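Here is the structure we will look at.
The residues of the chain are indexed from 1 along the displayed sequence. Bear in mind the structure is a predicted one, so any value in this text is a computation, not a measurement.
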Amino acid sequence: MDSEFQQEQKRVDSVIETITERISRLEEETSRSRNELINIRKHFWDEVKVNVDTFDDYLETIIGLRQEAQALSVSQSTDRLVSKKLSKLRLMQQVPYFGRIDFIEEGDSTQEQIYIGISTLTDESGEEFLIYDWRAPVSSVYYEYQTGPAKYATPGGEIKGILEKKGQYLIRGGVLQSMFDTSLTIGDEILQQVLGKGTDKHMHNIVATIQQEQNRIIRHDRGRLLIVHGAAGSGKTSAALQRIAFLLYKYRDSMNADQIILFSPNSMFNSYVSNVLPELGEENMQQVTFQEYLNHRLSKEFQVENPYEQLEYVLTAKNTPSYKSRVASIRFKASHLFFEAIESYRKSLELSGMLFKDINFRGKPIVTAGQIAERFYSNDTSLRFHNRLEKLKDWLIKKINETQEAELTMPWVQEKIELLSNEDYHKAHTYLAKKRGFKRESIADYEIEPEALARLIVQQKLKLLRKRVRTFGFIDIKGIYMQLFADPLQIKQWIEGETPAEWAEICQATLEMLYEGKLSYEDATPFLLMKELIQGFQTNRSIKHILVDEAQDYSPFQFEFLKRLFSSARMTVLGDFNQAIFAHASEMNDFHTLMSLYGQVETEVINMIRSYRSTKPIIEFTRRLVPNGEQIIPFERDGDRPVLTQLLDHTELHRCIASKVATLRNLRYNSIAIICKSSEESKSAYEALSNIDDIKLVKNGSIKYEQGVVVIPSYLSKGIEFDAVIIYDASEQVYGDESLRRVFYTACTRAMHYLQLYSVGEPTPLLRNVLRESFIQA
């Protein structure tokens, strides 16, 4: 064994030597290309002779500019490519590879030793592969098979053979620390080491420990929609990020990172996962929250509620008079039924109901809203709705042009001319001279024409009005949306199902919010859909793939909207309905409604039931908190049972938490989360625990994932893991309602190594089973 270990270390040394030489060469190349790039930029205009006296001169100038721009572009592309190669090689210099398979291809008697790492490396000739990229077709054998018959797919067809041996390596800083011979997909030894480590402020790549079910997700390449339903801690997010790296590798000639969007739960999560792709030598994809998109589109018109404000209301306002109707509103407006109602309502606008705004200039109407409506409904109604609106837009521009002509001789125009500053007059003179064809050197010869100056002033005044018309700003979208709720009975003409019993109250509350210029979260996507259906969808065809994490928090309505918005994209969604804490999803247990989005043929569902995040005792505890939890399989990693401590009052609670934090810090836990039910409870807890050194409060809007000791609301902890978790108050008073089961489960499943629950008074009834079965120390 020692001899084999030494041989393997020699190979590591040899490969690192090759990598080091390659880095040295590329650094020289980078230095040269950078100097070349700087030189091109510096002397760009020196190389171009600008002459526009004749058409030939002009043509020669254009060709010269294009050639120099092309040279600059090629130089920049080369520089980016070399930098990317260097980045990968520097990563490989520390950990060149992590796995090996000995494979005999069918019909061949020679065994090939295939070493697997984060990127491909060949010898100097380019013919011998020293390392295969983990995404290469042959590497799938490492993740998919035990020793024996194996196969893998290539563009040229399926390759069959025998997997004779599979090995794993733990290499750090170029030193082989351990190696394992394994017949398992991935040996438990290395996975144990990885999972047993403390967390840091970033999620890391899992290429050395990808499991078989994760590999299916990463390499899945069929249909329009992949749904991953995975238990807490099953590695679905990690697998999805590795999936992005795989897609960028497989489609490297036709897809780049800018054509992939990750919809993540919050900005802090974006920071947490930002390291994964760079670790693999890939650029990060675009990351955005759905709320950020809604704000981008709607914040100029409304104060838009965010999803966590909505959730905070649901968690804390149960005793308010409007609570029942608000929850009913959230659920109904999230449904596919309401999506269809909006579509039917928009269809009805072809015959009546369109509302418009006056087009005013200098306080007087050019065209009134009534005149616009009359024109819209008197024109050819056989035309498509959007064509009718385009014709209406053209008519309004014509009316503005007529106004322009009429205003030219008005006294206000002459006053404006007389009040022009020297600077503004000079600008106007230069602009009009160029428009008349005067060259730079003869602009001074141009004598400004009074009518041309008057026309320019009126044009400038009407510029914003023209822009408003061209962007359909004359349509009263807010009024049209409000019309939907004006009479609670009228919705029956646009809907084929039942409205909630509280519909009249919902209508009244919606109108009150809209009158105040506010948009509740449950109204934001329906309002935007209404706007898109009227003005024409702003589809983004450049995006080729979208990933939606924490997909159980999205409504069927929102998924329908995303499908329309990114009409050319394929979609990967990841979620766990045991963590469905938003009101609209509280009664949903699967992605059945989502499966109809693209149809069964275009959809595949992968269920992940093995959980890796937490120790076995923690998973044994948490899986008993939810229905069908027995299906969750814990990974064999030992640890302490969760502890429940019952206390008399909050003074004792805060003393115990401070003491527990000190103990956990002594045990070298890097991240300790004190998880509260709501933001309201988090603020109170943070103030009471402020004597703990370096304690931080995580609020909605926090940008970075913080290490150390944090106080955090349950819903902001989703998707993140901590070395140790303290449930602030698991009492009947706080978690007494059955509707909070999923919130409570989500909070408890954040713990990797240690879980402590405190209860001021009687513990939550959600713990009855685990207390009876002794899966928690009380």
**Report entry** side chain to side chain contact (heavy atoms under 4.5 Å, CB included) between Gln303 and Leu519, intermediate numbers included
**Finding:** CA-CA 6 Å; Gln303 183 184 326; Leu519 206 55; over 6 Å; no
Query raised in the report: Are Glu522 and Arg326 within salt-bridge range, i.e. N to O under 4.0 Å?
Result: yes
Query raised in the report: For Lys616, which residues count as a salt bridge (Lys or Arg N to Asp or Glu O under 4.0 Å) partner, sequence neighbours excluded?
Result: Glu636
Query raised in the report: When rounded to the nearest 0.5 angstrom, what is the spacing between OG1 in Thr316 and CD in Glu681?
Result: 11.0 Å
Query raised in the report: Between Arg741 and Glu738, is a salt bridge (Lys or Arg N to Asp or Glu O under 4.0 Å) present by the stated rule, with each step listed?
Result: CA-CA 6 Å; Arg741 182 174 289 279; Glu738 176 61 29; 2.7 Å; yes
Report task. For the pair Ser611 (side chain) and Ala232 (backbone), establish whether a donor and an acceptor sit closer than 3.5 Å, ignoring hydrogens and angles. Result -> yes
Report task. Using the six-membered ring wherever Trp is involved, compare the ring planes of Tyr728 and His650 and label them parallel, tilted or perpendicular (cut-offs 30° and 60°). Result -> tilted
Query raised in the report: Is it true that Phe290 and Tyr554 have ring centroids separated by less than 6.0 Å?
Result: yes
Report task. Hey, could you give me the CD/OG distance between Glu309 and Ser520, rounded to the nearest 0.5 Å? Result -> 11.0 Å
Query raised in the report: Quick one: CZ on Arg613 to OG1 on Thr622, what's the gap to the nearest 0.5 Å?
Result: 9.5 Å
Report task. Would you check, one step at a time, whether the test side chain to side chain contact (heavy atoms under 4.5 Å, CB included) holds for Asp523 with Phe485? Result -> CA-CA 12 Å; Asp523 278 299; Phe485 305 96; 4.1 Å; yes
**Report entry** Side-chain donor or acceptor of Asp549 paired with backbone N/O of Ser264 under 3.5 Å
**Finding:** no
Query raised in the report: Is Glu213 paired with Lys236 through a side-chain N to carboxylate O contact shorter than 4.0 Å?
Result: no
Query - Asn578 side chain to Val626 backbone, donor-acceptor under 3.5 Å - result: no
Report task. May I ask you to decide if Tyr308's main-chain N or O and Glu312's side chain share a donor-acceptor pair within less than 3.5 Å? Result -> no
Requested in this report: Verify whether the ring centers belonging to Phe621 and Phe775 lie closer than 6.0 Å.
Outcome: no
Query raised in the report: Would a distance-only check, ignoring hydrogens and angles, find a side-chain to backbone donor-acceptor pair under 3.5 Å from Asp723 to Asn670?
Result: yes
**Report entry** Evaluation steps, side-chain hydrogen bond (donor to acceptor under 3.5 Å, both in side chains), between Tyr735 and Asp729
**Finding:** CA-CA 8 Å; Tyr735 290 100; Asp729 186 3; over 6 Å; no
Query - Distance flag, aromatic centroids of Phe591 and His229, threshold under 6.0 Å - result: yes
Query raised in the report: Hey, does the side chain of Ser325 reach the backbone of Ser322 with a donor-acceptor pair shorter than 3.5 angstrom?
Result: yes
Report task. Enter the distance from Thr593:OG1 to Phe557:CZ here, rounded to the nearest 0.5 Å. Result -> 13.5 Å
Report task. Give, for atom OG1 of Thr510 and atom NZ of Lys518, the distance between the pair rounded to the nearest 0.5 Å. Result -> 14.0 Å
Query raised in the report: When you look at Tyr754 and Leu664, which way does the side chain to side chain contact (heavy atoms under 4.5 Å, CB included) test go after all the steps?
Result: CA-CA 9 Å; Tyr754 189 87; Leu664 293 170; 3.7 Å; yes
Requested in this report: Examine distances only and state if a side-chain atom of Thr764 and a backbone atom of Leu767 form a donor-acceptor pair shorter than 3.5 Å.
Outcome: no
Query raised in the report: Could you walk me through whether Thr572 and Arg243 pass the side-chain hydrogen bond (donor to acceptor under 3.5 Å, both in side chains) check?
Result: CA-CA 9 Å; Thr572 299; Arg243 173 166 170 70; 3.0 Å; yes
Query raised in the report: Okay, side chain of Arg750, backbone of Ala673: is any donor-acceptor separation there less than 3.5 Å?
Result: no
Requested in this report: Please name all residues satisfying side-chain hydrogen bond (donor to acceptor under 3.5 Å, both in side chains) with Asp576, sequence neighbours left out, ordered by chain then number.
Outcome: Gln579
Query raised in the report: For atom CD of Glu680, is the number of surrounding heavy atoms from other residues, nucleotides or ligands below 6.0 Å larger than 12?
Result: no
Query raised in the report: Does the distance from a Lys or Arg side-chain N to an Asp or Glu carboxylate O, for Glu550 and Lys718, drop under 4.0 Å?
Result: yes
Query raised in the report: Is a salt bridge present between Glu620 and Arg623, judged by a nitrogen-to-oxygen distance below 4.0 Å?
Result: yes
Query - Passing option when Leu755 is tested against Thr615, Asp640, Val643, Ile727 for side chain to side chain contact (heavy atoms under 4.5 Å, CB included) - result: Ile727
Query raised in the report: Got Phe263 and Leu547 here, is their nearest side-chain heavy-atom distance under 4.5 Å?
Result: no
Requested in this report: Check for a donor-acceptor pair, side chain of Glu773 on one end and backbone N or O of Val770 on the other, with a separation under 3.5 Å.
Outcome: no
Query raised in the report: Nearest 0.5 Å, what's the CG-CZ distance between Asp737 and Phe744?
Result: 13.5 Å
Report task. Mark yes or no for whether Glu292, through its side chain, and Thr289, through its backbone, hold a donor-acceptor pair below 3.5 Å. Result -> yes
Query raised in the report: So Thr645 and Gln756, side-chain hydrogen bond (donor to acceptor under 3.5 Å, both in side chains) or not? Walk me through it.
Result: CA-CA 8 Å; Thr645 307; Gln756 166 75 57; 3.0 Å; yes
Requested in this report: May I ask you to check if Arg742 and Phe577 form a cation-pi contact, with NZ or CZ under 6.0 angstrom from the six-membered ring centre and within 45° of the axis?
Outcome: no
Query raised in the report: Should we say atom CD of Gln733 is surrounded by more than 12 heavy atoms from elsewhere, each under 6.0 Å from it?
Result: no
